[in-house]
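Both ligands and their constituent atoms are indexed starting at 1 by order of listing.
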Amino acid sequence: MNSPENAVRKVIPIVPAEADEELISLYAAHEKIYPRSVSGFFSNWRWGTVFLTQLVFYGMPWIEWGQRQAILFDLGSRRFYIFGLVLYPQDFIYLAGILVISALSLFLFTAVAGRLWCGYACPQTVYTEIFLWIEKKVEGDRSARMRRDAQGLSADKVGRKTLKHVLWLAVAVWTGFTFVGYFTPIKDLGLEVLQMNMGSWEVFWTVFYGFATYGNAGFMREQVCKHMCPYARFQSAMFDKDTLIVTYDAERGDPRGARSRKADPTALNLGACIDCTLCVQVCPTGIDIRNGLQYECIGCGACADVCDTVMDKMGYERGLVKYTTENAMNNKWTQAQTWSHIFRPRILVYTAILGAIVTATVVSLSMRTEFKVNVVRDRAVTARVVSGGKTENVYQLQVMNATEATQRYQITATGLPGLTITSDSLVVVESTQARKLAVRVQAPFEVAAPGSHPIEFLIDSLDSPGHLSEKSVFLIPK
Ligand code: SF4
Ligand code: SF4
């Protein structure tokens, strides 16, 4: 008889429980983004800034001003020509003024409407837009490009890719050439290119700038914005709840879901978002704006443009994705209310400071004397008593003519009774040149006690308005 102990034992295999954790690689492989082309209000603005900035960048070096290039940064002779202005390293203060104005403008525009610079005017955005346009013309829009990339090699694929890279390289080299044309007269540079005798630095910078354009706009694209540009990281410090940002209206859009155009979304318990993912497909950084504000968003408005076209097709109200503020969304403000909060105290303070600095820079530039003078007492010649009972001091004066015409300057000295200049007091300086001269100054011996006495050199420009005074000292020996 089979006792229960003798019965065949049923073996239940013990399978090790699956670990809950799953290994996640900290290194995410880069997925190529194929932005779909888009048209609409914000896209038009972006193309407007692309045309404007590139018209200025490519066109400016070809404009002449008198006998020279209108804008030329001549590093060799340390002169910067900007139309009628000739700036020297001593005018560095104006460059500092321009940098402060740029930084403040960036703060102001970012506080008003987020990453306007990134989305519309940054060279990375502008050249990516141009390169994408070429890519679309040669390889077709997103789906055609994705299909071709997934296929094997074919004559058509090789031909189109080659043509695309040739066109990209042409734009990149022309960009590098134009960049160098701001530092070397561009017509001379063009001749050097034709004669194949460019200088080594000119070759280096043309290739370097061209290669950077080709690499950044053709290959790196959104990677530059996401991982290399520091602005993306600190932008949130300039945002507040009244900053206009591209926003998905989740309350109106969710729950998302596909439906026919005729269907009633309320009956289907659906929001306005038809989950077509077009907003993701047009995004140059490949993000989904429906997940909220993300640091990758460059505020280009492409998702708002495409979503408006979807809303139009569905017969829904536009603006499911739009520029709005956090406060406007939370408080359901009208457009007028939203705008009234945009011009908040912070913005008014930024605007006032910016206005003051712009005014100060412009006024200072317009009042700038177009010559400079440095006075150094000649240490090699000490004060000495000369014939006629006079004391003589010798000074080295450096007069710099910042205009583009020869100028005459009259020098006089004041500060002690009977102070006279006994050397040539009329100086002629060629255009944009500097001239050093020794100036002998005499004063009657008994005019003051032995020691050091402050005096002033007065320099008057005779051919253009301008007057300068420079302080120095006159030594009377015991
Ligand atoms: S484009 Fe508009 S409707 Fe389409 S998924 Fe994006 S938010 Fe939804
Ligand atoms: S989320 Fe919209 S606004 Fe932001 S980068 Fe993408 S397309 Fe542009």
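Scanning the protein for heavy atoms near atom 2 (Fe) of ligand 2, the closest one is Cys303 SG, 2.3 Å. Protein heavy atom closest to atom 8 (Fe) of ligand 2, with residue, atom name and distance, is Cys300 SG, 2.3 Å. Ranking protein heavy atoms by distance to atom 6 (Fe) of ligand 2, first place goes to Cys283 SG, 2.3 Å.
Using a cut-off of 4.0 Å between Lys/Arg side-chain N and Asp/Glu carboxylate O, Arg160 and Asp156 are scored as salt-bridged. Between Glu135 and Lys164 there is a salt bridge, with a side-chain nitrogen of the basic residue lying less than 4.0 Å from a carboxylate oxygen of the acidic one.
No option in Val399, Thr406, Thr403 other than Val399 meets the side chain to side chain contact (heavy atoms under 4.5 Å, CB included) test with Val429.
Counting backbone and side-chain atoms alike, Cys297 contributes an N/O/S atom closer than 2.8 Å to atom 4 (Fe) of ligand 2.
Ring centers of Phe42 and Trp45: at least 6.0 Å apart, outside the cut-off.
Using 4.0 Å as the threshold, Ile298 has a heavy atom nearer than that to some atom of ligand 2.
Classified by interplanar angle (parallel below 30°, tilted 30° to 60°, perpendicular above 60°), the ring pair Trp333/His341 is parallel.
Here Thr351 contributes atom OG1 and Leu104 contributes atom CG; the two are 10.0 Å apart, rounded to the nearest 0.5 Å. The CD1 atom of Ile82 sits 5.0 Å away from the CZ atom of Phe73 when rounded to the nearest 0.5 Å.
Counting only protein N, O or S atoms, the number found under 2.8 Å from atom 8 (Fe) of ligand 1 is 1.
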Original post:
Run the side chain to side chain contact (heavy atoms under 4.5 Å, CB included) check on Thr432 and Tyr81 step by step: do they pass?
Top reply: CA-CA 10 Å; Thr432 69; Tyr81 301 94; 4.3 Å; yes
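Looking at residues two or more places apart in sequence or on another chain, you find a side chain to side chain donor-acceptor pair (under 3.5 Å) between His165 and Tyr214.
The part of Ile287 lying near ligand 2 is the side chain, judged by heavy-atom distances below 4.0 Å.
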